[in-house]
Amino acid sequence: MSERHTDQPSTPSEVNKPHPAQDPHQAPHKGATHNKFSRIAGTGSFLPPHRVSNQELVERLARDGLQTSDDWIVERTGIRARHFAAPDVTSSQLGVQACQRALDAAGLLPADIDLIVCATSTPDMVFPSTACLIQRELGIHGCPAFDVQAVCSGFVYALTVADALIRTGAAKRALVVGAEVFSRLLDFKDRTTCVLFGDGAGAVVLEASDTPGIVASRLHADGQYVGLLNVPGHVSGGQVLGDVTLKMDGQSVFKLAVSVLDKAAHEVLDAAGRGPECIDWLIPHQANLRIMQGTAKKLKLPHDKIVVTVDQHGNTSAASIPLALDHSVRSGQVQRGQTLLLEGVGGGFTWGAVLVDY
């Protein structure tokens with residue numbers, strides 16, 4: 001697969017402009033009073049400027065006596081580089097940049113937004129929410145703003161929540177953002193996890209529509225798998241208790257992820273009355289190239305239908321799907337009128353899928 005570029009255009013791409021909606025293949029929700037749907041009006045993303053290649057990370061780890069290599073990382077994950085935020089840069093600051101680019105792409109102003117949902121596992125502070133901090137920086141006043149915490153499934157969760165609120169008429173235009181500084185959670189003495197993650201943010205403007213862009217979505221969680229992927233620490237009495245670095249059982253996560261993502265994909269396809277052949281692009285959580293290819297194989301999709309940015313971004317948790325979506329839109333890969341399958345899986349264990357007519 002070709003390497004994706006991380007540079008962003010300074011002006012919104014024409015491919016972000018709305019396209020006449022496609023055949024919805026789905027009836028309105030029963031009991032809906034406004035008979036509205038939602039669709040993606042614009043996308044945006046932002047990466048911290050500091051790009052960390054595998055070789056740079058290998059040399060950093062070697063100074064601490066840990067041995068790894070570029071070949072080892074690429075073979076097991078498909079990752080070649082990731083971006084790390086500067087120490088004084090926060091998730092909200094990355095999110096603001098992504099949101100502004102999404103607004104520009106949609107041809108809207110911050111004042112046009114009446115809902116902000118932010119997915120993050122690395123908030124700026126315990127409270128208020130990162131969404132409220134983004135709201136402040138964008139100069140938006142009065143609308144609901146809150147965070148969703150579902151780790152790497154966070155954006156799929158946030159998109160589903162925003163879609164539901166728009167369908168009920170509670171909102172007309174939402175900013176849905178995934179923003180992370182996941183590098184802050186890494187144990188750089190654990191070579192199996194510290195090479196996987198990066199920082200970044202991605203966002204979409206979701207707006208009310210007479211015909212659906214968000215065709216179907218399904219969300220799941222199962223707390224019995226908490227031990228597979230977690231950061232087992234918290235704040236109490238002014239102190240940090242426990243371990244606040246990421247812990248992961250990689251092999252178990254891999255097996256479970258491929259299984260649940262396949263089921264979630266078929267759930268949304270069944271809900272829409274469609275088959276896998278309708279999918280123009282699979283845009284999965286960018287965790288590991290092998291997981292992504294395993295999911296595509298189960299759906300009988302060729303690898304060239306997978307949007308891949310994990311090679312250049314690493315795993316950016318809740319930011320990975322909107323980052324991949326925005327890069328594929330701006331590169332001309334994803335076009336208006338195409339059908340996209342977004343899938344996320346993360347700690348909790350959480351997982352979900354959203355079928356989108358873009």
Side-chain angles (χ1 to χ4, degrees), residues 16 18-43 99 102-103 105-108 110-119 129 131 134-135 140 142-150 153-178 202-221 264-274 278-279 283 318 321-322 325 336-344 350-358:
N16 255 308
H19 180 280
Q22 304 302 295
D23 181 8
H25 291 275
Q26 185 188 45
H29 285 178
K30 290 182 179 179
T33 57
H34 291 268
N35 196 30
K36 287 183 178 178
F37 301 96
S38 74
R39 61 195 307 274
I40 295 172
T43 68
C99 287
L103 287 166
L108 298 172
D112 296 318
I113 297 299
D114 56 9
L115 172 67
I116 303 172
V117 186
C118 178
S129 69
I134 291 172
Q135 182 187 45
I140 300 171
C143 76
F146 57 91
D147 289 355
V148 170
Q149 218 283 38
S153 304
F155 184 76
V156 168
Y157 268 62
L159 193 64
T160 300
V161 169
D163 171 59
L165 288 170
I166 288 175
R167 285 173 183 255
T168 66
K172 292 182 179 179
R173 290 193 180 100
L175 276 171
V176 185
V177 54
V204 301
V205 174
L206 198 67
E207 68 177 7
S209 173
D210 292 332
T211 50
I214 306 300
V215 179
S217 61
R218 291 294 183 271
L219 302 177
H220 296 280
H266 283 287
E267 284 180 338
V268 294
L269 288 168
D270 289 346
R274 306 186 191 183
C278 81
I279 301 169
I283 309 182
I321 292 174
L325 173 60
R336 284 290 179 186
Q338 293 184 327
T339 297
L340 320 176
L341 178 62
L342 314 182
E343 290 194 298
T350 62
W351 66 96
V354 180
L355 191 68
V356 178
D357 281 345
Y358 183 71

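Within the 4.5 Å cutoff, no side-chain heavy atoms of S217 are placed close to those of V156. Inter-residue side-chain proximity for F37 and V215 is flagged as unmet; no heavy-atom pair is nearer than 4.5 Å. For the pair L341/V354, no side-chain contact is recorded, criterion being any heavy-atom separation below 4.5 Å from C-beta on. Side-chain contact between V117 and L175 is absent, with no heavy atoms from C-beta onward closer than 4.5 Å. Inter-residue side-chain proximity for E207 and I166 is flagged as unmet; no heavy-atom pair is nearer than 4.5 Å. Residues L103 and V205 meet the side-chain proximity criterion, which asks for heavy atoms closer than 4.5 Å.
When all heavy atoms of A353 and E343 are compared, the pair lying nearest together is CB-CG, 3.9 Å. Of all non-hydrogen atoms in G42 and A105, the two that sit nearest each other are CA-CB, 4.1 Å. Considering all non-hydrogen atoms of both residues, A271 and A216 come closest at CB-CB, 3.9 Å. Pairing each heavy atom of A203 with each of A102, the nearest pair is O-CB, 3.9 Å. Here the closest heavy-atom approach between residue F146 and residue L115 is recorded as CE2-CD1, 3.9 Å.
A salt bridge links R274 with D357; the closest basic N to acidic carboxylate O contact falls under 4.0 Å.
Distance alone, capped at 3.5 Å, is enough to place a donor-acceptor pair between the Q135 side chain and the C143 backbone. Of the possible donor and acceptor atoms, none in the side chain of R173 sits under 3.5 Å from a partner among the backbone N and O of L206. When atom types are taken as modelled, the side chain of Y157 and the backbone of H220 share a donor-acceptor pair closer than 3.5 angstrom. Listed for the D147 side chain is no donor-acceptor partner under 3.5 Å among the backbone atoms of A119.
Rounded to the nearest 0.5 angstrom, L340 CG and I283 CD1 are separated by 4.5 Å. Distance check, rounded to the nearest 0.5 Å: CG of D163 to NZ of K36 gives 12.5 Å. Here the OH atom belonging to Y358 is positioned 13.0 Å from the OG1 atom belonging to T339, to the nearest 0.5 angstrom. The distance from atom CG of L355 to atom CZ of R218, rounded to the nearest 0.5 Å, is 10.5 Å. One finds the CZ atom of R167 at 10.0 Å from the OG atom of S209 (value rounded to the nearest 0.5 Å). Here I214 contributes atom CD1 and L159 contributes atom CG; the two are 4.0 Å apart, rounded to the nearest 0.5 Å.
Across I134, I116, V204, a single residue satisfies side chain to side chain contact (heavy atoms under 4.5 Å, CB included) together with C99, and that is I134.
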- Verdict with reasoning, C278 to L269, per side chain to side chain contact (heavy atoms under 4.5 Å, CB included): CA-CA 9 Å; C278 81; L269 288 168; 3.9 Å; yes
